[in-house]
Amino acid sequence: MIVRVMGEGQFEVDDGHLDALNELDQGLVDALEAGDEQTFRSALLDLVRAVTESGRRMPDDFLGPSDYVLPSSDASLEEVRELLGEEGLLPG
């Protein structure tokens, strides 16, 4: 799967990481719903780090579509709320 991290590029992440990414995504959703800024910040950093560390960065000139789009690690609660779907940032 291809995951775009806004401001950082696209990463090819093996589908085998999806369950772990979904767990991190759920932690982010829970923090958003609770309005817990500190836990939200930590959860967002963990999710972005998991993608960038487990994925292979795609070349900057790669023009393929992204399966998922994540906000940058410094995004605000409100910015992430706007991106959030019913199933989180990583549906599935």
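Computation of the quantities below employed the complete heavy-atom set of this structure, encompassing side-chain atoms and omitting hydrogens, waters and symmetry-equivalent molecules. This one's a predicted model, so the numbers in the text were calculated from it and none came from an experiment.
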| query | Between Gln26 and Asp30, do the side chains contain an N or O donor and an N or O acceptor separated by less than 3.5 Å? | reply | yes
| field | Shortest non-hydrogen contact between Pro71 and Val5, atoms and distance | value | O-CG1, 3.9 Å
| query | What is the minimum heavy-atom distance between Ala75 and Val80, and which atoms define it? | reply | CB-CG2, 3.9 Å
| Where do Thr52 and Val48 land on the side chain to side chain contact (heavy atoms under 4.5 Å, CB included) test, with the steps shown first? | CA-CA 6 Å; Thr52 59; Val48 169; 4.3 Å; yes
| message | Quick check on Met6: does its CE atom have over 12 non-hydrogen neighbours (other residues, nucleotides or ligands) under 6.0 Å away? | response | no
| said: Can you tell me how far apart CG (Leu32) and CD (Glu37) are? Round to the nearest 0.5 Å. | reply: 9.5 Å
| request: Would you name the heavy atoms of Gln10 and Ser66 that are closest together and state the gap between them? | output: NE2-OG, 2.6 Å
| field | Asn22 side, atom CG; Leu24 side, atom CG - distance, nearest 0.5 Å | value | 9.0 Å
| If you round to the nearest 0.5 Å, how far is CG of Leu47 from CG of Asp25? | 6.0 Å
| request: Check the hydrophobic clustering (I, L, V, M, F, W, Y; side-chain heavy atoms under 4.5 Å; chains of links allowed) and say if Leu45 and Val29 are grouped together. | output: no
| If we only count heavy atoms from C-beta on, is the Val51 to Tyr68 side-chain gap below 4.5 Å? | no
| query | When you measure from the side chain of Glu79 to the backbone N and O of Ser76, does any donor-acceptor pair fall under 3.5 Å? | reply | yes
| remark: Scanning both residues in full, the closest heavy-atom pair of Leu44 with Ser72 reads CD2-O, 3.5 Å
| task | Answer with yes or no whether the hydrophobic clustering places Leu18 together with Ile2; edges join I, L, V, M, F, W, Y residues whose side-chain heavy atoms lie under 4.5 Å apart. | result | no
| task | Kindly compute the distance separating CE (Met58) from CD (Glu12), expressed to the nearest 0.5 Å. | result | 5.0 Å
| task | Check whether any side-chain heavy atom of Met1 sits under 4.5 Å from a side-chain heavy atom of Leu21, and report yes or no. | result | yes
| query | Do Phe62 and Phe11 share a hydrophobic cluster, counting only Ile, Leu, Val, Met, Phe, Trp and Tyr and linking them when any side-chain heavy atoms are less than 4.5 Å apart? | reply | no
